[in-house]
Amino acid sequence: TGSSRPQRMLKAVQKNATKGDPKSVISAIDYYCRHKEWAMNVGDEKGLILDSVLTEVNPSTALELGTYCGYSTVRIARLLSPGSKLITIEFNPAFAAVARQIIAYAGLQDKVTLVEGPSGDLIPKMKERFGIKSFDFVFLDHWKDRYVPDTKLLEDCGLLRKGTVLLADNVICPGAPEYLKYVRNSPRYESQYYKSNLEYTKVEDGLEKSVFLG
Ligand SMILES: CCCNc1ncnc2c1ncn2[C@@H]1O[C@H](/C=C/CNC(=O)c2cc(-c3ccc(F)cc3)cc(O)c2O)[C@@H](O)[C@H]1O
Ligand SMILES: [Mg+2]
């Protein structure tokens, strides 16, 4: 059988990026997905919004739901201060295997813990397994109908604190309507929409930033 899209993306990184240089890994993936083969990375346009929110929050502990090939994992980890940690959850072993290699190629493996399995099972284990008290930042980019249940699970597990920032991808395309209703109508969140475009296209999409008020 032939290669998969994630495997071809990894090849593009190994061919065009410089080992240990996260910026070149990000550019290699963006170039490949814009000019060769589209893939569902947050991308360069929404990536700039992710970067600016991250720089503002400067999280010590960050969580990503839905690693896929590790593009946003690299974008987040490259901006973390020394000693800060990113935990990223991915339940597809083939995607996780590619992501590990892309994260390592960027030289960010010491800042990232990739945990394989479904978020619903792993979120309740964050405290006991990784000594997490609470997360400062959460990036939601997994199955869109899982944004609400996993946000509620994070609340119930006491993993959000006053000021925790949730940033959700794709709230317009493919869309996460229940999630927007949830965070925008809840008195426990202060939400803000960042209008942008679907990765590598002119289609509208955006990120929703929601601050947990405790
Ligand atoms: C048990 C399921 C919920 N828990 C989960 N726990 C751990 N990992 C999970 C996961 N759900 C999904 N994943 C993983 O996240 C990733 C899934 C992401 C889903 N994303 C999208 O569907 C998506 C889709 C588009 C898209 C937009 C327009 C279009 F025409 C086609 C696609 C754009 C995006 O930016 C997207 O993020 C995969 O790697 C999957 O294996
Ligand atoms: Mg996405």
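In each ligand, atom 1 is the first atom listed, and ligand 1 is the first ligand listed.
Residue contact annotation: Asp141 places an N/O/S atom under 2.8 Å from the Mg ion (ligand 2). Because the distance cut-off is set at 2.8 Å, Asn170 qualifies as a neighbour of the Mg ion (ligand 2) through one of its N, O or S atoms.
Shown in contact with Asp169 at under 4.0 Å from a heavy atom are these atoms of ligand 1, numbered in order with element: 35 (O). Taking every non-hydrogen atom of Glu199 and a distance limit under 4.0 Å, the qualifying atoms of ligand 1 come out as 33 (C), 34 (C), 35 (O). Listed by number with element, the atoms of ligand 1 under 4.0 Å from a non-hydrogen atom of Pro118 are 6 (N). Heavy-atom proximity to Gly66, at under 4.0 Å, picks out these atoms of ligand 1: 15 (O). For ligand 1, the atoms lying closer than 4.0 Å to a non-hydrogen atom of Tyr68 are 39 (O). Short contacts between ligand 1 and Asn92, defined as distances under 4.0 Å to a heavy atom of the residue, involve ligand atoms 41 (O). Residue contact check: Gly117 has heavy atoms under 4.0 Å from atoms 6 (N), 7 (C) of ligand 1.
Residue Trp38 places a heavy atom less than 4.0 Å from ligand 1. Residue contacts with ligand 1 do not include Cys69, since none of its heavy atoms lies under 4.0 Å from the ligand.
Salt bridge Lys209/Glu56: present, at least one basic N to carboxylate O contact under 4.0 Å. With salt bridges taken as basic N to acidic carboxylate O contacts below 4.0 Å, one links Arg100 and Glu116. The pair Lys144-Glu178 fails the salt-bridge criterion, with no side-chain N (NZ, NE, NH1 or NH2) lying under 4.0 Å from an Asp/Glu carboxylate O.
Looking at ligand 1, you'll find an N or O of Lys144 within less than 3.5 Å of one of its N or O atoms. Looking at Asn41 next to ligand 1, no N or O pair under 3.5 Å apart turns up. Looking at Glu90 next to ligand 1, an N or O pair under 3.5 Å apart turns up.
More than 12 heavy-atom neighbours from other residues, nucleotides or ligands sit within 6.0 angstrom of NZ on Lys127. Residue Gln109 places its CD atom among more than 12 non-hydrogen atoms of other residues, nucleotides or ligands, all under 6.0 Å distant.
Using cut-offs of 30° and 60° on the angle between ring planes, the pair Tyr147 and His142 is parallel. Classification of the His35-Tyr31 ring pair by plane angle, with boundaries at 30° and 60°, yields tilted.
Distance alone, capped at 3.5 Å, is enough to place a donor-acceptor pair between the Lys111 side chain and the Leu80 backbone. Looking only at distances, a side-chain donor or acceptor of Asp136 sits under 3.5 Å from a matching main-chain atom of Thr61.
Grouping the Ile, Leu, Val, Met, Phe, Trp and Tyr side chains by contacts below 4.5 angstrom, directly or via other members, places Leu167 apart from Tyr182. One hydrophobic cluster holds both Val13 and Met40 under the rule that ILVMFWY side chains link at heavy-atom gaps under 4.5 Å.
The protein heavy-atom contact nearest to atom 9 (C) of ligand 1 is Phe91 CD2, 3.5 Å. Of the protein's heavy atoms, Ser119 N, 3.0 Å lies nearest to atom 6 (N) of ligand 1. Here the protein heavy atom with the shortest distance to atom 36 (C) of ligand 1 is Asn170 OD1, 3.3 Å. The shortest contact between atom 24 (C) of ligand 1 and any protein heavy atom is with Pro174 CG, 3.5 Å. Scanning the protein heavy atoms around atom 3 (C) of ligand 1, the nearest turns out to be Arg146 CG, 3.5 Å. From the protein, the heavy atom lying nearest to atom 19 (C) of ligand 1 is His142 O, 3.5 Å. Scanning the protein heavy atoms around atom 27 (C) of ligand 1, the nearest turns out to be Leu198 CD1, 3.6 Å. Nearest protein heavy-atom neighbour of atom 18 (C) of ligand 1: Asp141 O, 3.3 Å.
Within the 4.0 angstrom cut-off, atom 14 (C) of ligand 1 has one or more protein heavy-atom neighbours. Within a 4.0 Å radius of atom 30 (F) of ligand 1, the protein has no heavy atom.
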Intermediate values then yes/no, ring pair (Phe, Tyr, Trp, His ring centres under 6.0 Å), Trp38 and Tyr32: CA-CA 8 Å; Trp38 188 92; Tyr32 182 77; over 10 Å; no
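Inspection of the Ser3 and Arg8 side chains reveals an N or O donor paired with an N or O acceptor under 3.5 Å. Asp205 and Asn197 form no side-chain donor-acceptor contact under 3.5 Å, judged by distance and modelled atom types alone.
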